[in-house]
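For the single chain, residues carry numbers from 1 onward in sequence order.
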Amino acid sequence: MDEQVSRNSEMYFSNGPRHFSGLDADEAARLVAKAADVALVIDRDGMIRDAAFSQEALFRNGGRSWIGRKWIDTVTGESEDKIIALMEEAWSDGTIRPREINHALPHGDDVPVRYSAVWVNDEQVLVVFGQDISAISGLQQKLMHSQLAVEREFARLRAGEMRYRMIFELSDVALVVVDATSLRVNDINPAALRLLGVKRRGLDDIKVEHLFDLENADVLHKLLRATIEDQNEEDGTLALRNGEELSITATLFRQDRRSYLLLQLSTDSGNVVPLTYAIERQTLDLMEQMPDAFVITNEARQVLHVNSAFVDLLNLTSAREAQGEAMDQWFERPKVDCNVLFSNVQEHGSVRRFATVLRGRFARLESVEIAASRMAGPDGGIFGFLIRPAASQVISSETNASSLPQSDEQITNLVGHMPLKDIVRETTQMIEHLCIDTALELTKGNRVSAARMLGLSRQSLYAKLARDNDDA
């Protein structure tokens, strides 16, 4: 405590009474007024009893109206708590910390003032000394605006960088960025990775010639050096070891005081990103070798592609025979099965184990199960169908060659693939047909006896047989 008192005493005049003993009240008031931009005399109720201004602008902008008002009524809303805290500190222990308080002016602006205070006259009044910090506040505002401008510019640059990065990554053009000094790969987009059949991992900082399986790497080096020296766009053709030719366009550009080469790659066919690289080629080959038939159609049900298994299943001469044809023509009941299949795929996105019968060349019937799916394409929806023979494929010539279900399991498989009324109609016809066949078999083909056994008239039996023959 003694140390604190000693330190505080060292902060003040060492011989104040000697220097200021001759001051009268007017001289002391003048000294206080000159010592601060604004000096206020505050009573215990917080009322401003008197005020002095050494800054004329503050006086003209409303300071003259403060006398006779409470100090807290002259400040902005966020500064009221600071006034209360300052007064409470003064009343409690006399230790008053300086505070920055904003005064509200009549024309709507605020004036920031940093106040410190001291009690006088046996602590009957509080004299507060204020320093106008508008200039400092203005600098802070400029600093804040500058910081916001820097952040906005940074955000704009980041957005631009992200936008061009997305263009680079999603572009169909195969692009490679190469350091012009070291000729090492700086960046490469997915289109170039697919075209060259390489993976991004392990490509960091490798020599550009290692990207290509070249017959002669000197051709690439000459092209790049010519671009760097002439500073013009150069075109060339690279011969790969697999016999393919790769067209390359090199462009020189500068960034961050360094030179780079932008390489645009394309095949000799002119397609920048051909459909038959690496994974895509393997996928098409795998689909072609599948044991199950596979068909791709558009939304108009026109066949776009079939594999060899589909050609074999329907006894076609070649895949070309199916391309462009309507898928409906191979369904035994196109108006029922084909419509139900496509509508379900359109609605649900996929269908599995759809039981139906396809009619191939020479009217050969194949009982099959179909799994189908739909994918959005550039010209509308694309439908894919995986077709495999059903577990029971034996369709004898004596059967009326219809696609009626042959077992309870096949009947239940129709649920979800066609409306209930169609299922009931089909199963009713199946039962009726089986009963007629059984009666004819038991009567050795005697239609009169078969009609009597079934409780039908001969005319009704003949009509049903004629209808079955027409459906066949």
Side-chain angles (χ1 to χ4, degrees), residues 1-140:
M1 185 66 177
D2 293 340
E3 182 181 355
Q4 179 70 30
V5 173
S6 175
R7 183 163 59 250
N8 289 340
S9 63
E10 291 178 358
M11 296 172 59
Y12 297 108
F13 292 108
S14 59
N15 197 350
R18 176 183 175 183
H19 302 304
F20 302 106
S21 60
L23 292 177
D24 58 17
D26 289 338
E27 291 174 335
R30 192 178 303 111
L31 181 62
V32 170
K34 292 294 185 181
D37 293 332
V38 56
L40 305 176
V41 178
I42 312 293
D43 63 15
R44 287 181 174 271
D45 296 329
M47 190 74 69
I48 300 177
R49 293 303 181 183
D50 206 347
F53 299 89
S54 63
Q55 188 184 84
E56 186 177 355
L58 187 62
F59 174 73
R60 288 199 313 266
N61 288 331
R64 70 180 73 189
S65 65
W66 293 353
I67 300 175
R69 298 171 59 190
K70 284 195 172 184
W71 189 18
I72 198 171
D73 293 337
T74 66
V75 301
T76 57
E78 70 274 8
S79 298
E80 293 179 356
D81 292 339
K82 298 180 181 180
I83 296 291
I84 296 173
L86 189 148
M87 297 291 292
E88 289 178 349
E89 287 181 3
W91 279 105
S92 60
D93 55 7
T95 302
I96 305 174
R97 294 184 297 106
R99 285 178 172 80
E100 295 179 4
I101 293 173
N102 293 327
H103 280 281
L105 300 182
H107 50 71
D109 293 337
D110 297 342
V111 176
V113 179
R114 181 179 176 83
Y115 280 109
S116 57
V118 62
W119 287 106
V120 297
N121 294 339
D122 296 330
E123 300 185 357
Q124 294 301 312
V125 294
L126 182 69
V127 178
V128 293
F129 303 87
Q131 178 186 4
D132 186 356
I133 57 174
S134 298
I136 299 176
S137 178
L139 291 176
Q140 291 176 339

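The CE atom of Met87 sits 8.5 Å away from atom CD1 of Ile83, with the distance rounded to the nearest 0.5 Å. Interatomic distance, CD of Glu88 versus CG of Asp81, reported as 9.5 Å (0.5 Å rounding). Atom-to-atom distance recorded for Leu126:CG and Ile48:CD1 is 11.0 Å, nearest 0.5 angstrom.
Between the Ser116 side chain and the Pro98 main chain, no donor and acceptor come within less than 3.5 Å of each other. In terms of modelled atom types and a separation under 3.5 Å, the side chain of His103 and the main chain of Val111 share no donor-acceptor contact. Put simply, the side chain of Lys82 gets close to the backbone of Glu100: a donor and an acceptor are under 3.5 Å apart. Remark: the backbone N or O of Val41 is not paired with any side-chain donor or acceptor of Asp50 at under 3.5 angstrom.
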Review point. Can Lys70 and Glu80 be said to form a salt bridge (Lys or Arg N to Asp or Glu O under 4.0 Å), step by step?
Key: CA-CA 11 Å; Lys70 284 195 172 184; Glu80 293 179 356; over 6 Å; no
Check your understanding: Stepwise, does the side chain to side chain contact (heavy atoms under 4.5 Å, CB included) test hold for Asp37 with Val113?
Key -> CA-CA 9 Å; Asp37 293 332; Val113 179; over 6 Å; no
Practice item. For side chain to side chain contact (heavy atoms under 4.5 Å, CB included), just list the numbers for Trp66 and Val38, CA-CA rounded to whole Å, side-chain angles, deciding distance to a tenth of an Å, and then say yes or no. Key: CA-CA 11 Å; Trp66 293 353; Val38 56; 4.1 Å; yes
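Across all non-hydrogen atoms, the minimal contact from Arg99 to Ala85 is NH2-CB, 3.8 Å. When all heavy atoms of Leu86 and Trp71 are compared, the pair lying nearest together is CD2-CZ3, 3.9 Å. Residues Gly68 and Met47 share a closest heavy-atom pair of O-SD, 3.3 Å.
Checking Leu40, Ile42, Asp43 one by one against Arg49, the side-chain contact (heavy atoms from CB on, under 4.5 Å) holds for a single residue, Asp43.
Contact annotation: the side chain of Ile101 approaches that of Val75 to within less than 4.5 Å [non-hydrogen atoms, C-beta and beyond].
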